[in-house]
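Right, one structure below, let's go through it.
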Amino acid sequence: MFSNLRSIWIAFLHMFHKRETIQYPEEKIYLPPRWRGRIILSRDPDGQERCVACYLCQVACPVGCISLQATQDETGRRYPEFFRINFSRCIFCGYCEEACPTYSIQLTPDYEMSEFHRENMVYEKEDLLISGEGKYHGYNFYRVSGLAIGGKDKGEGIEDLPPVDVRSIRPDK
Amino acid sequence: MAKMAKIIIDGKTYEVDSSKNLLETILSLKLNLQYFCWHPAMGSVGACRQCAVKKYRDENDKAGKLFMACMEPVVDGMRVSIEDPEAKEFRAGVIEWLMTNHPHDCPVCDEGGECHLQDMTLMSGHNYRRFRYKKRTYRNQYLGPFLHHEMNRCIQCYRCVRFYRDYAGGDDLNVFGVHSSVYFGRHEDGVLENEFAGNLVEVCPTGVFTDNTLFQHYTRKWDLTSAPSVCVHCGVGCNTLAGERYGKLRRILTRYNGQVNGYFLCDRGRFGYEFVNSEKRIRKPMLRLSGENRLSEADEETAITEISAIIKSSRKVMGIGSPRASLEANFTLRSLVSERNFYWGVPEQEFSLLTKEMNILRQGSIRTPSLREIEKCDVVVILGEDLTNTAPMIALAVRQSVRQVPVQSATPYKIPHWQDAAVRELVQDEKGPVFVATPYATKLDSVARTFRGSADEIARLGYAIAGAISSDAPKADNLNEEVCVLSESISKALNKAERPLIIAGQSLKSEAIVNAAANIAYAMRKAGKNVELCYTVPECNSMGMVMMGGKALDQAFHAVEKEAMDTLIIMENDLFRRDEKQAVDRFLKRFKNIIVLDYIENATTERATAIIPVGSFAESDGTFVNNEGRAQRFYQVFVPNKEIKESWRWVRNIMVTSGMKEFSRWKNLLDYTQALIKEMPYFTGIDTITPPPGFRIAGRKIPREPYRYSGRTAMHADKTVHEPKPPEDVDSPMSFTMEGYRGQPPSSLIPFFWSPGWNSAQAINKYQIEVGGPLHGGDPGKRLIEPLPNAKPSYFTDVPKAFAPREGEWMLVPVYHIFGSDELSVHSPGVRELVPKPYIMLSPDDAARLQVTSDSELELGIGGQVERLPVKINLGLRPGLAGYPVTLPGMSVVRFPVSVKISGVKK
């Protein structure tokens, strides 16, 4: 008897506490930028796809929900021919983002991904690719790699010396 | 027996072979030590300074000195340390220097994930680039359709030029420039000329030379579903690893086999695989329904019922087998049509020549060497074979045998033979005795003494050599002086040799050459000498074909003339490549139903009334027998779709449906193989080359996929989100998944080479009993042909007459091309690029007489048809002979020997 009354009393007191319930979806919770939600593919500062199709996210993924195929344009720039994430399998662990050498794949503070059909949770490249740089600004992989691509010849990278002149015997060449 | 030595490594005593260097020994003991420039097939040069170890004078020496392990001979009582902190620091330091210039490229580098440089960097512990300055860059070169060049990644280990120039005998790849800017490439952009250039992909420890065909559909090593396979592009039977991803074959790598191809492959074998992905692949059964003229697609069940109905209603069914199909496939077709109605789809001439080769080896006392043993021969006589184009890997082996004699000169100077640079310095350009007799100039000429002549003249030379060795051997008469002198010096060289080898084959379509080669061997044996005899064969299962025996295509042509047949089943064979078009046309017209089982569209499938899609080497299991008589098993790499099945499985399903119920007990490949052995006991043992399908290690199958295989829940998600069940393999103890036993499988079941810390092909070291030796558990494959030591075969006596050119007539000699003569590889885009255009080869004298040059066209009458062919001039060709490229796309098929008249010249 006493215990019942005590419970009613405690419940009554809760009417004066601060409310935890949020009026979702009208009102939304604050999520920090590093929240691990929906995955996107970003672009480099020049507006090109950052992904170089290195397959590291695919291999880092513990549930194997990323799949892609590399290809290259006529200038030798490698990019994914297709890039697919099966969000119905994704556990949002963020290993793909950690593995990515180009800051391309990033997790965002968006979690609103419910669907009635699992098929709709399979995102292809056009669903994943955003038009900005995402969380990491300024990085462009091809500017620091030695590879020549369209718009960046050999030796034009940030870390590169001009190409060697094989026919010269001068020590500074 | 090698001399053993006791050495102490990091306080532990090991008993090792003292003829090896320290690095080889350390790797053979399965210890880890970094290296770059050393390669097990190429010896040591001490260029990269990476394999430094501490060597101590005696047990009191605590300081020790740094030595390069690859340059140190193993000495009894030697004390060394790999783990010594100073040695480790030195090795990490060397890597750090290399990394000052190595680009930040791994994500876009095709070597990434199977890079020896990555592995060694990790092993050394170096992880942070302290050097703050910029990196050196280079411009790349176009090196042809097979290789991708990215010179920035080079670490100057010199392996590429050592392989290309010293090992494979190429001369258009070299090192240029000076000091810190040396450059490995060609003098100008262009296709690499050597036929073994593709090996640079595996020889290069980093990503300078990568596989350009893989580049076009790039997949990391860890994502490939791989299986042990056997090359189908010639008769040598090199072992390969074939890798698949997303239903497409992605690349071929060397599968080390200590008895066959060792560490290398030819470019046809490595890059010819893309026919598997060709748009001309047959992927669905095609049937001609009653009342229709066109073929239309059908599903598997309809195809089987329709074809079974055709077979049941036929009075006579004829089956045509193929030397490019497995033993099991041919045997199953033979079971369907009965032995009486089974014919091989090769011309009588080729069939009887190959049978002759086999009989000489099987009933004689002469042993045929394995590919690896050819490398060890010291005198080689090649009769009539353009090896570089007919059996490329044998040519590579002969190039190694050239060094056997000169290398001996290092022994008195106490230079160990693995000291590659020192030995080469001593040997200079000296070459061992190799003699090449071919009608036209070949690539092997650069290391050989040559003879040029028609097939008959080559055979006469062979007889002359035999006659010079043993007086009772039949001799050729009326020899000219050149042949006399040459045969005399060849017989002298053979008599002096410790391990002589005769190589011949059927490529010139001359029985006399096959006989002459055997006569030389018989004469040597009579004279009490050791000798070996190697015959080349044209296709991957040619030897298996003649071992099974039977009738050839010409007999099939006769058979239909004699009795009416209504149904023909052709398996994996394009008859229009085998004989003249009119003959094949006439033959095919005799049949109401032509059922063709094949994997690629060709002239024969165009004539079919039903086509069945069968698996290529990558989609089926089976057994091939190579030129040495070695039966080798190849495994299915992937399951493409429901309809593409092994030929033998299709034929068996048809048999069962058409009422031959007894065959329903053939369930997996082993049942077929055992039934084959029961009927043909000389194949005994081919069922035990590899463990049976029920074989398990710790209750588990051998996975075809590495444990890092990725993307499994996304790769099919565009079609269905419910991951399909992985296909099951009932024919082998391997699974199509990444689950299974993770240790080293038996040697015949190695799907990829990998060992912890060794992701590159260099992991092979861990799979060998000792470096460069056999794999753990013995090299896979079983030799079915062994000599009978007491056999006393008698000499062949059909000495041909000397060749005399006839005015206005040219005798055609077959010419072969590594890229072009093979049926399947020409469907690969890269190979296709290098296939020569049709042409006719003339001697310089004839060209001068006809007043033609290389841009002229000749009009020839061949087999009742007139052909116009551009001229190529070959310096070696004798007047009166004309080279005719066989089975080159665009050339018509002719029966040799044949003479042609030139009916017109267009300059």
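FYI, side chains are in, hydrogens and waters are out, and symmetry mates aren't considered; it's all heavy atoms of this structure. Naming convention: chains lettered A, B, ... in sequence-line order (proteins, then strands); numbering from 1 in each chain. If you're wondering where the values come from, they're calculated on a predicted model, not measured in any experiment.
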Problem - Within 45° cone and under 6.0 Å: B:R245 NZ/CZ vs B:Y709 ring - result: yes
Handout entry: Contact origin within B:T720 toward chain A - heavy atom pairs under 4.5 Å
Key = neither
Exercise for the section: State whether B:E739 and B:K701 are salt-bridged, where the test is any N-O pair (Lys NZ or Arg NE/NH1/NH2 against Asp/Glu carboxylate O) under 4.0 Å. Expected result: no
Practice task
For each of B:H102, B:M715, B:H722, tally heavy-atom pairs with chain A at distances under 4.5 Å, and name the one with the top tally.
Solution key: B:M715
Exercise for the section: Anything under 30° is parallel, anything over 60° is perpendicular, the rest tilted; go ahead and classify B:F271 against B:F146. Expected result: parallel
Problem - Region of B:D223 that comes under 4.5 Å of a non-hydrogen atom in chain A - result: side chain
Practice task
Inspect the surroundings of OH in B:Y133 and state if more than 12 heavy atoms from other residues, nucleotides or ligands are less than 6.0 Å away.
Solution key: no
Handout entry: Pairing of B:R251 and B:E114 as salt bridge, 4.0 angstrom limit
Key = yes
Practice task
Under 4.5 Å heavy-atom distance to chain B, tell me which part of A:I158 shows up: side chain, backbone, both or neither.
Solution key: backbone
Exercise for the section: For the pair A:E49 and A:K125, find out whether any cationic side-chain nitrogen is under 4.0 Å from an anionic carboxylate oxygen. Expected result: yes
Problem - B:F184 and B:Y158 aromatic ring geometry - parallel, tilted or perpendicular at 30°/60° bounds - result: perpendicular
Handout entry: Proximal to chain B - members of residues 54-72 of chain A, heavy-atom separation under 4.5 Å
Key = A:C54, A:Y55, A:L56, A:Q58, A:V59, A:V63, A:G64, A:C65, A:I66, A:S67, A:L68, A:Q69, A:A70, A:Q72
Problem - Region of A:V122 that comes under 4.5 Å of a non-hydrogen atom in chain B - result: side chain
Problem - Top contributor to chain A interface from B:C106, B:P107, B:P103, B:C109 [non-hydrogen pairs under 4.5 Å] - result: B:P107
Problem - Side chain, backbone, both or neither of B:H148 within contact of chain A (heavy atoms, under 4.5 Å) - result: neither
Practice task
State whether B:E723 and A:R89 are salt-bridged, where the test is any N-O pair (Lys NZ or Arg NE/NH1/NH2 against Asp/Glu carboxylate O) under 4.0 Å.
Solution key: yes
Practice task
Could you tell me whether B:H187 and B:F176 have their ring centroids closer than 6.0 angstrom?
Solution key: no
Fill in the blank from the handout: Whatever's closer than 4.5 Å to a heavy atom in chain B on A:E124 counts as side chain
Practice task
Fit a plane to each ring of A:F12 and A:W9, take the angle between them on a 0 to 90° scale, and name the class: parallel (under 30°), tilted (30 to 60°) or perpendicular (over 60°).
Solution key: parallel
Practice task
Give, as side chain, backbone, both or neither, the part of A:R78 having an atom under 4.5 angstrom from any heavy atom of chain B.
Solution key: side chain
Handout entry: Interface moiety of A:R118 toward chain B, non-hydrogen atoms closer than 4.5 Å
Key = both
Exercise for the section: Sort A:R77 into side chain, backbone, both or neither according to what part of it lies under 4.5 angstrom from a heavy atom of chain B. Expected result: neither
Problem - Aromatic ring pairing A:Y103/A:Y139, orientation class (parallel under 30°, perpendicular over 60°, tilted between) - result: perpendicular
